[in-house]
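Numbering of ligands and ligand atoms starts at 1, following listing order.
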Amino acid sequence: MKKVKTLILIIVILFIAIQFVPVKRDNPPVVADMPDTEPVKAILQQSCYDCHSNATTWPWYSYIAPVSWLVSFDVHHGREYLNFSEWGSLNAKQIQYYKQNIWYEIDKNNMPLKPYLWLHPEARLTPAAKDTVKSWAIAADSSGVVQP
Ligand code: HEC
């Protein structure tokens, strides 16, 4: 019994201690956001912007370690791959590359990431939303721009 109490005490102390590890929860300035005229913008805002833009909504659990470490990792990792807050500074070739990549990840149900969908069911793309993304991405294919 004493051992169990000691173990619980250690776990509680560890849990409190890890709360003091600094976690990066930044939202850098948005310089070149995807234009509102893009037909897919609202869909991407709803399903992707939390990890792929500088306009992340940091949820309450992003303040509690160790979950906060995972959230921070996903956001910073996600922004490295694709950041809609920098869309306006991409050239035509990059835009075509990203459009294809975006549709590929959505079509394969790789994105949004599964754990994110459990916590954000509203981010799941409806079949209609997927169609909208698909025609937007495929229009890019026929634009004749070569792939990087
Ligand atoms: C919970 C965070 C999160 C959400 C939400 C999210 N992504 Fe990602 N995304 C990531 C991370 C992390 C990576 C980089 C590592 C990887 O591929 O898993 C990534 C990578 C990508 C890549 C690059 C893949 C590659 O390998 O080159 C694309 C494209 C992408 N995401 C598109 C999307 C789209 C489109 C949405 C919305 C429908 C979305 N993501 C939603 C976290 C997220």
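- Taking the side chain as every heavy atom from C-beta outward, L82 and C51 never approach each other to under 4.5 Å.
- Of all protein heavy atoms, the one closest to atom 15 (C) of ligand 1 is H77 CD2, 3.5 Å.
- Under 2.8 Å from atom 8 (Fe) of ligand 1, one finds the following protein N/O/S atoms: H52 NE2, M111 SD.
- In summary, the atoms of ligand 1 found under 4.0 Å from a heavy atom of L125, numbered by their order in the structure, are 38 (C).
- Put simply, the side chain of V23 does not reach to within 4.5 Å of the side chain of Y63, judged on heavy atoms.
- The side chain to side chain donor-acceptor pair (under 3.5 Å) test with N54 singles out one residue from D33, N27, D26, N83, and that residue is N83.
- Remark: S62 engages R25, W58, P59, V71 in a side-chain contact (heavy atoms from CB on, under 4.5 Å) (not counting sequence neighbours).
- Those atoms of ligand 1 that come under 4.0 Å of a heavy atom in N101, given as number and element, are 27 (O), 29 (C).
- Close contacts of ligand 1 with I106, meaning ligand atoms under 4.0 Å from a residue heavy atom, involve 35 (C), 38 (C).
- Ranking protein heavy atoms by distance to atom 12 (C) of ligand 1, first place goes to D74 O, 3.6 Å.
- Side-chain contact between T57 and Y49 is absent, with no heavy atoms from C-beta onward closer than 4.5 Å.
- With sequence neighbours left out, the salt bridge (Lys or Arg N to Asp or Glu O under 4.0 Å) criterion links D74 to no other residue.
- More than 12 heavy atoms of other shown residues, nucleotides or ligands fall within 6.0 angstrom of atom OH in Y61.
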Anything under 3.5 Å between a donor and an acceptor, one on a side chain of residues 127-134, the other on a protein residue two or more places apart or in another chain? List them.
{"residue": "K130", "atom": "NZ", "partner": "N109", "partner atom": "OD1", "Å": "2.9"}
{"residue": "T132", "atom": "OG1", "partner": "A128", "partner atom": "O", "Å": "3.0"}

